[in-house]
Engineer: 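This structure is in structure tokens; I'll ask about it shortly.
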There are 2 protein chains.
Amino acid sequence: MGRWEPGARGRLAQVALELYAERGYEQTTVGDIAERAGVTERTFFRHFPDKREVLFDGSGTLQSMLVAAIAQAPADRAPLEVVGEAFAPIGRLLGETRDHAVRRAAVVAANPSLMERELLKMATLATAAATALRERGTPAVTATVAAEAGVTAFRIGFEAWIAGPEEGDLAADIAAALDELRALASGT
Amino acid sequence: MGRWEPGARGRLAQVALELYAERGYEQTTVGDIAERAGVTERTFFRHFPDKREVLFDGSGTLQSMLVAAIAQAPADRAPLEVVGEAFAPIGRLLGETRDHAVRRAAVVAANPSLMERELLKMATLATAAATALRERGTPAVTATVAAEAGVTAFRIGFEAWIAGPEEGDLAADIAAALDELRALASGT
DNA sequence: CTTGGTGATGTCAGTTGCTGTCATCACTCA
DNA sequence: TGAGTGATGACAGCAACTGACATCACCAAG
């Protein structure tokens, strides 16, 4: 490759998570991250638009998987069911690296600024899911509500999975949240 | 009062909304806001923790109203119903100043950075609602899901109200979103 | 009437996130 | 062998925010 160690991007992401966990997000300077990664501060900003985004590198992949799963779902499935099942592949992917997910979640939860970014990602996910639902014939309003409900179930399920035992099943936790929602809605 | 014009805080909030609408959020400097409001940049940061928060001054009141409404709801109401109805007073309050709400919503929607903050406020609202539900006896998981569902319905209903005609009814739009959710959940 | 306290503001210096611009250099390919 | 190319370094600069200290109208106790 070049005259520098390759993989600067990955190193930056890993180092950032380490430092955010060690000293806290606000106590960590972009210069600190760059230094430990062996690059310049300027290089950090060439790979990531800001200091937060370095923790959200996988969100694009997540969204692609969700949209693809919704698009490929059988045509006779109800919207809420489609969205719920669309999180299954994501659950499998995240399940493979639970350690990392737990550490990352702790860092994010510890800082409002990072929470904001995470919420924005979730909202973007919901919008994408709604679009995917509409493209398979779901009416606009129904698609929006179903997508929001699905993403909310994902969030709640994810939190439970992170807080639970190591052998926990993310997909099951998401399904449980959705079931709770169904019970709630019919119980009114 | 003092040797300065009183009401600096209110002036700053008003001027900020004006400037964000005129030039856009990023094109507006805190110095610009302070100058037009007749104070110093430092004074801005004495009243608001950051450049975004100046648009969210009422969120505390909103949360108090929501929590109070949930606490005062009849004991025999189902959780989802309680949350849904708890938004009624908020709907009336916002309904009185629809113009302001529309302008503000346009500014927020135009900038991801402001969207993030808005989403954080909504999440905080949901957490508060869940706590209020728990304090009236709703089981923890049910409270969380009901609160999230209610806030989501508020968000979707609010968007519809903003996008709709001037005579629109916010409370009705929120109720419609909740109904859609109920239909969705039972239809699966 | 004076004196001391208080609260809101001004002033100023400094850190940090982030951007634009240009130079550098290993690698590639014609 | 020489002209790109892509990733990086170096540097200057703006704007968001913070801490420390000074100022001054007002108020209350003496």
Side-chain angles (χ1 to χ4, degrees), chain A residues 1-57 107-108 110-118 120-121, chain B residues 1-57 107-108 110-118 120-121:
Chain A
M1 290 296 160
R3 80 195 119 151
W4 310 273
E5 285 302 310
R9 184 189 183 85
R11 251 156 42 225
L12 284 167
Q14 182 185 340
V15 165
L17 179 58
E18 287 173 15
L19 288 179
Y20 291 171
E22 286 175 18
R23 323 178 181 170
Y25 170 77
E26 302 201 334
Q27 283 64 47
T28 304
T29 279
V30 174
D32 296 338
I33 303 173
E35 188 182 6
R36 190 183 284 195
V39 295
T40 305
E41 186 181 321
R42 192 66 183 87
T43 292
F44 177 96
F45 287 109
R46 285 206 179 88
H47 286 283
F48 305 98
D50 63 53
K51 194 186 166 188
R52 302 173 204 170
E53 199 66 18
V54 67
L55 288 185
F56 299 85
D57 212 19
V107 169
V108 171
N111 193 283
S113 180
L114 293 172
M115 278 293 310
E116 284 188 347
R117 182 57 53 84
E118 178 124 303
L120 184 63
K121 295 294 182 186
Chain B
M1 291 292 158
R3 82 197 116 149
W4 311 272
E5 285 301 310
R9 184 187 185 85
R11 250 155 43 225
L12 283 167
Q14 183 185 341
V15 165
L17 180 58
E18 287 173 14
L19 289 178
Y20 291 171
E22 287 175 17
R23 324 177 181 170
Y25 170 78
E26 303 201 334
Q27 283 65 47
T28 303
T29 279
V30 173
D32 296 338
I33 303 172
E35 189 182 6
R36 192 183 284 195
V39 295
T40 305
E41 186 181 322
R42 192 68 182 83
T43 292
F44 177 96
F45 288 109
R46 285 210 179 86
H47 286 283
F48 305 99
D50 62 53
K51 194 185 165 188
R52 304 174 202 169
E53 198 66 18
V54 67
L55 288 184
F56 298 85
D57 213 19
V107 169
V108 171
N111 193 283
S113 180
L114 294 172
M115 277 295 307
E116 285 188 346
R117 182 58 52 86
E118 178 122 305
L120 184 64
K121 296 295 183 187

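Owing to the predicted nature of the structure, the values given are computational and were not obtained by experimental measurement. Lettering of chains follows the sequences in order, A, B, ..., and the numbering in each one begins at 1.
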Engineer: Nearest 0.5 Å, please: how far is CD in B:Glu116 from CE in A:Met115?
Structural biologist: 11.0 Å
Engineer: Atom CZ of B:Arg11 and atom C1' of C:dT9: how far apart are they, to the nearest Å?
Structural biologist: 12 Å
Engineer: What is the separation between atom CG on A:Leu12 and atom P on C:dG17, rounded to the nearest whole Å?
Structural biologist: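 My rounded result for the distance is 14 Å.
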Engineer: When you measure from the side-chain N and O atoms of B:His47 to the phosphate of C:dT9, is any distance below 4.0 Å, counting only OP1 and OP2?
Structural biologist: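 Yes, because at least one side-chain N or O of B:His47 sits under 4.0 Å from OP1 or OP2 of C:dT9.
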Engineer: Name the residue closer to the 5' end of DNA chain D, choosing between A:Thr43 and B:Asp50 according to the nucleotide with the nearest heavy atom.
Structural biologist: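 Whichever sits nearer the 5' end wins; that is A:Thr43.
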Engineer: Which pair of heavy atoms, one from A:Ala13 and one from A:Val54, lies closest together, and at what distance?
Structural biologist: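 Of all heavy-atom pairs spanning A:Ala13 and A:Val54, the closest is CA-CG2, 3.6 Å.
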Engineer: Apply the test side chain to side chain contact (heavy atoms under 4.5 Å, CB included) to residues B:Glu35 and B:Val15: give CA-CA distance (whole Å), side-chain angles for both, the deciding distance (0.1 Å), then the verdict.
Structural biologist: CA-CA 10 Å; B:Glu35 189 182 6; B:Val15 165; over 6 Å; no
Engineer: Nearest to the side chain of A:Lys51 - C:dT9, D:dT8, C:dG17?
Structural biologist: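 Looking only at side-chain atoms, A:Lys51 lies closest to C:dG17.
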Engineer: Which whole-number value in Å describes the distance from B:Phe44 CZ to C:dA8 C1'?
Structural biologist: 17 Å
Engineer: Mind listing the closest non-hydrogen atom pair of A:Leu12 and A:Ile33 along with its distance?
Structural biologist: O-CG2, 3.8 Å
Engineer: Nearest to the side chain of A:Arg46 - D:dA10, D:dT18, C:dC18?
Structural biologist: D:dA10
Engineer: Report yes if some heavy atom in the side chain of B:Tyr20 is under 4.5 Å from a heavy atom in the side chain of B:Val108; otherwise report no.
Structural biologist: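 A side-chain contact under 4.5 Å is absent here.
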Engineer: For A:Glu22, enumerate each residue passing the side chain to side chain donor-acceptor pair (under 3.5 Å) test, keeping only those at least two apart in sequence or located in another chain.
Structural biologist: A:Arg36
Engineer: Contact list please: residues 16-41 of chain A against DNA chain C, heavy atoms, distance less than 4.0 Å, in numerical order.
Structural biologist: A:Thr28, A:Thr29, A:Val30, A:Glu41
Engineer: What distance do B:Leu120 atom CG and A:Leu120 atom CG have between them, rounded to the nearest 0.5 Å?
Structural biologist: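 Spacing of CG (B:Leu120) from CG (A:Leu120) equals 11.5 Å.
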Engineer: Polar atoms only, N or O, under 3.5 Å: list the protein pairs with nucleotides 11-14 of chain D and their distances.
Structural biologist:
none

Engineer: For residues 37-51 of chain A, dump all side-chain donor-acceptor pairs below 3.5 Å to protein atoms at least two apart in sequence or in another chain.
Structural biologist:
residue	atom	partner	partner atom	Å
A:Asp50	OD1	A:Arg52	N	2.8
A:Asp50	OD1	A:Glu53	N	3.0
A:Asp50	OD1	A:Arg117	NH1	3.3
A:Asp50	OD2	A:Arg117	NH1	3.3
A:Asp50	OD2	A:Arg117	NH2	3.2
A:Lys51	NZ	A:Tyr25	O	3.0
A:Lys51	NZ	A:Thr28	O	2.8

